[in-house]
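Hydrogens, waters and symmetry mates are skipped; everything else that's a heavy atom, side chains included, is used. Every chain is numbered from 1 and lettered A, B, ... according to where its sequence line falls, protein lines coming before strand lines.
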There are 2 protein chains.
Amino acid sequence: MNKRVTIADVARTAGVSMMTVSRVVNDSGPVSESTRQRVLLAVGELGYRPSGLARGLATRRTATIGLVVPDVANPFFAGVAKGVEQIAYAEGYNVFLGNTGEDPEHELTLLQSLEEKRVDGLILCSSRLPEADLRQALQWHGATVLVNRQLEGFGAVLVDDQRGAIALVEHLLSGGRRRIGMLAGPETSHSCRLRLLGYDSVLQEAGMQRRQGWMLRCAPDVAGGRQGAINLLQAYPELDALLCFNDLVAVGALQAAAELGRSVPDDLAITGFDDIPLAALMTPPLTTCSVPVFDLGDQAMRLLLEQIGGCDEGCERIVLAPELVIRGSAP
Amino acid sequence: MNKRVTIADVARTAGVSMMTVSRVVNDSGPVSESTRQRVLLAVGELGYRPSGLARGLATRRTATIGLVVPDVANPFFAGVAKGVEQIAYAEGYNVFLGNTGEDPEHELTLLQSLEEKRVDGLILCSSRLPEADLRQALQWHGATVLVNRQLEGFGAVLVDDQRGAIALVEHLLSGGRRRIGMLAGPETSHSCRLRLLGYDSVLQEAGMQRRQGWMLRCAPDVAGGRQGAINLLQAYPELDALLCFNDLVAVGALQAAAELGRSVPDDLAITGFDDIPLAALMTPPLTTCSVPVFDLGDQAMRLLLEQIGGCDEGCERIVLAPELVIRGSAP
DNA sequence: TAAGATGGTGTTAGCGCTAACACCGATCAA
DNA sequence: TTGATCGGTGTTAGCGCTAACACCATCTTA
């Protein structure tokens, strides 16, 4: 690994000034065809690769955005990431994908290091930070868009979680279920709060307040769902339906039900949320609420681009509608 | 968004030189306790965040490594990523996760942009690039470790794919299957080549050459597996087993089998590879070959650290053993 | 007491790049 | 003719940070 080739080396080789090389490389400003060729030749010969660090320092742009998610292994976020990337790459931006592992502390350090990298923008999915910490962490960032979370003054792309939960619970009620438990997600999850709200409101309206204890929180993944369902079903065997925070949790619940000898859907109905690809593949396939994940990412990136563009219009709030998907786990 | 706070602002506020601020912020060199406090106060007051760009330019280190995978949504790579991240964060490195979407061209531009970002190291998983392109793309990179792919002169962490495939095929044979088809992955996949080799070698030894056409390539995901299986099974209904490139393909095949009215495992055995979490959750659960994904990432990062450390010992090749996992889809 | 070591601080000179302007000859309109 | 305009090129001055050294008090040690 010899010393890196710099723009000065190229300039010397091609017999022009550094500025001219810069013009050729970035296609900015006029350069005669013959010098352009000479420069490109030198670039190829030497294997010159401009330093993004130096360029970023000089231009105050890095052509990079940060995308922070709680769990890359969750297909939900993988979908969002695809949406973001598609637009980003088309616009010449790189995407720096960061994984917090559902850990707020890690989320904080990640946000900090993205700030030090001087990313041009930030998309933050389902932040698990308390509001005060979140606001503090974002105050020095430039363009920022939140996904699945809102915060006064920031652009956001959201799902109408409450409506989704309402649809699911109403569906369960119409299927004759009366003792509906809920496996909720993290307390700091904005989506979870809204889904709980929806759940409660339907029960209230039907004149059947939620029984104390029928709601249990668990980690928003398969293992968490399994353990949560076991705990919940052993404590309250009378439950005839489980409204799960998301599909992964529902998959865990499905597993737990099998282990406990409860048959789904006859004996116990189970619903998820998100409609990840896996949902349709389970036995029985999951009744869930489909969320347009790709659009979430896509819209978030568009909003971010507006903010970066500076037209100050990127702070709106976009709400996407989820859609009830009825399958075998709760027909 | 006011002008950014720089080290000079902090120095002025604290009444010291920039160098002293730098010493405090990086904890390098001696500083008296009283000035340290004064500087930290100023840092907090102004909300100073050092510029990684400027620092990287000055130190020639970015404390960042690049991790390139073909598909973040594949739990296999999510597992590898977790392994990499754990070690990386412990050692103070950030991980820049890049997704090629199985597209070689995108892979090239990604590698290029990582080079421009001057990452300190690169972990490249299951590269889909032809050998010549790959070598060319890596020649200017510093420390590099490959996962699931080998290339003369580069450190690599591999799975003994051939042995894994052999174990699977022998298991199928011992279960009485005689007409074993294969749903293979991309031609450029190193793992795929080895698994094919294993498959052929067992058949050869058993004196039963693979029938022309019993091998079909498909995209290495659920949709690809489903379509591939439909094509293969319609062309060769006599097949009594399907050796799938990976678990996602096997899941697709499972779907296809159901659609075509073939019962698994009675009528048709199906095997996967990787043992992603989903594999155990299918109905029937997948017989597969378990790969220690977390270790793959973990070892790759260790190797990379050795290379970065410069002890020149990071170019070994580490081969991890897969393990046959027998479940319902091929008992 | 002179010669060194040590802790604490500042100065200088880049790292590799580009914004902004300056310059020069050629072309063009009035 | 004069001045304006424009394509093509170079010069200067940073962007924000740190390596390397210089400096000056103290404090050792023989």
Side-chain angles (χ1 to χ4, degrees), chain A residues 1-40 42-43 46-64 113 115-120 140 142, chain B residues 1-40 42-43 46-64 113 115-120 140 142:
Chain A
M1 202 178 26
N2 335 331
K3 228 167 142 287
R4 285 217 89 99
V5 179
T6 76
I7 202 172
D9 301 324
V10 178
R12 203 173 317 113
T13 305
V16 297
S17 73
M18 299 194 324
M19 207 48 225
T20 300
V21 176
S22 172
R23 287 197 183 94
V24 172
V25 170
N26 300 301
D27 202 18
S28 61
V31 180
S32 78
E33 194 47 34
S34 67
T35 31
R36 152 172 273 105
Q37 291 306 331
R38 223 158 4 111
V39 170
L40 288 178
V43 166
L46 302 177
Y48 169 66
R49 233 6 125 226
S51 158
L53 299 179
R55 179 184 284 165
L57 195 57
T59 60
R60 297 139 170 288
R61 290 194 60 242
T62 52
T64 302
S113 79
E115 192 183 337
E116 294 187 358
K117 298 221 149 46
R118 298 294 190 260
V119 292
D120 293 336
W140 296 107
Chain B
M1 202 176 29
N2 334 333
K3 229 168 139 287
R4 284 217 91 99
V5 179
T6 76
I7 202 172
D9 302 323
V10 178
R12 202 172 319 113
T13 306
V16 296
S17 74
M18 298 193 326
M19 206 48 223
T20 300
V21 177
S22 173
R23 286 195 183 99
V24 172
V25 170
N26 300 302
D27 203 18
S28 62
V31 180
S32 79
E33 194 47 33
S34 68
T35 29
R36 154 172 272 107
Q37 291 307 332
R38 227 164 354 119
V39 169
L40 288 178
V43 166
L46 302 177
Y48 169 65
R49 230 13 118 224
S51 158
L53 299 178
R55 178 184 284 164
L57 195 56
T59 60
R60 297 137 169 288
R61 292 194 58 241
T62 51
T64 301
S113 81
E115 191 184 338
E116 295 187 356
K117 298 223 148 46
R118 299 294 191 258
V119 291
D120 293 336
W140 296 105

Practice task
Looking at every strand, decide which applies to B:T35 at a 4.0 Å heavy-atom threshold: base, sugar-phosphate, or nothing.
Solution key: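 Result for B:T35 = sugar-phosphate.
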Nearest heavy atoms of [X] and [Y], plus distance in Å:
{"X": "B:V5", "Y": "B:L46", "result": "CG2-O, 3.4 Å"}
{"X": "A:S51", "Y": "B:L57", "result": "OG-CD1, 4.4 Å"}
{"X": "A:A14", "Y": "A:R38", "result": "O-NH1, 2.8 Å"}
{"X": "B:T62", "Y": "B:K117", "result": "CG2-O, 3.8 Å"}

Which whole-number value in Å describes the distance from [X] [atom1] to [N] [atom2]?
{"X": "A:Y48", "N": "C:dT18", "atom1": "OH", "atom2": "P", "value": "6 Å"}
{"X": "A:L57", "N": "D:dC17", "atom1": "CG", "atom2": "P", "value": "9 Å"}
{"X": "B:M19", "N": "D:dA19", "atom1": "CE", "atom2": "P", "value": "6 Å"}
{"X": "B:K117", "N": "C:dC17", "atom1": "NZ", "atom2": "C1'", "value": "15 Å"}
{"X": "A:R49", "N": "C:dC17", "atom1": "CZ", "atom2": "C1'", "value": "16 Å"}
{"X": "B:I7", "N": "C:dT9", "atom1": "CD1", "atom2": "P", "value": "15 Å"}
{"X": "A:R118", "N": "C:dC17", "atom1": "CZ", "atom2": "C1'", "value": "17 Å"}
{"X": "A:R36", "N": "D:dT9", "atom1": "CZ", "atom2": "C1'", "value": "14 Å"}

Practice task
Please confirm whether any donor atom in the side chain of B:R23 sits under 3.5 Å from an acceptor in the base of C:dG10, or the reverse.
Solution key: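 Side chain to base: pair found, below 3.5 Å.
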Selected nucleotide, minimal atom distance to [X] side chain, candidates [options]:
{"X": "B:S32", "options": "C:dA20, C:dG16, C:dG8", "value": "C:dG8"}
{"X": "A:S51", "options": "C:dT11, C:dA19, C:dG16", "value": "C:dG16"}
{"X": "B:M18", "options": "C:dA19, C:dG10, D:dC17", "value": "D:dC17"}
{"X": "A:R55", "options": "D:dG8, C:dT18, D:dC15", "value": "C:dT18"}

Handout entry: Among A:V10, A:T13, A:V39, side chain to side chain contact (heavy atoms under 4.5 Å, CB included) partner for A:Y48
Key = A:V10
Problem - Toward the 5' end of DNA chain C, by each residue's nearest nucleotide, B:A54 or B:G29 - result: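 Checking each residue's closest nucleotide, the 5'-ward one belongs to B:G29.
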Exercise for the section: Nearest-nucleotide wise, let me know which of A:S28 and B:P30 is further upstream toward the 5' end of DNA chain C. Expected result: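 Nearest nucleotide further toward 5': that of B:P30.
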Below the 4.0 Å mark, does [N] have OP1 or OP2 next to a side-chain nitrogen or oxygen of [X]?
{"X": "A:R60", "N": "D:dC15", "value": "no"}
{"X": "A:T6", "N": "C:dG16", "value": "no"}
{"X": "B:T59", "N": "D:dC17", "value": "no"}
{"X": "B:S17", "N": "C:dG10", "value": "yes"}
{"X": "A:S22", "N": "C:dC17", "value": "no"}

Problem - Residue pair A:R60, B:R4: steps toward the side-chain contact (heavy atoms from CB on, under 4.5 Å) verdict - result: CA-CA 10 Å; A:R60 297 139 170 288; B:R4 284 217 91 99; 5.9 Å; no
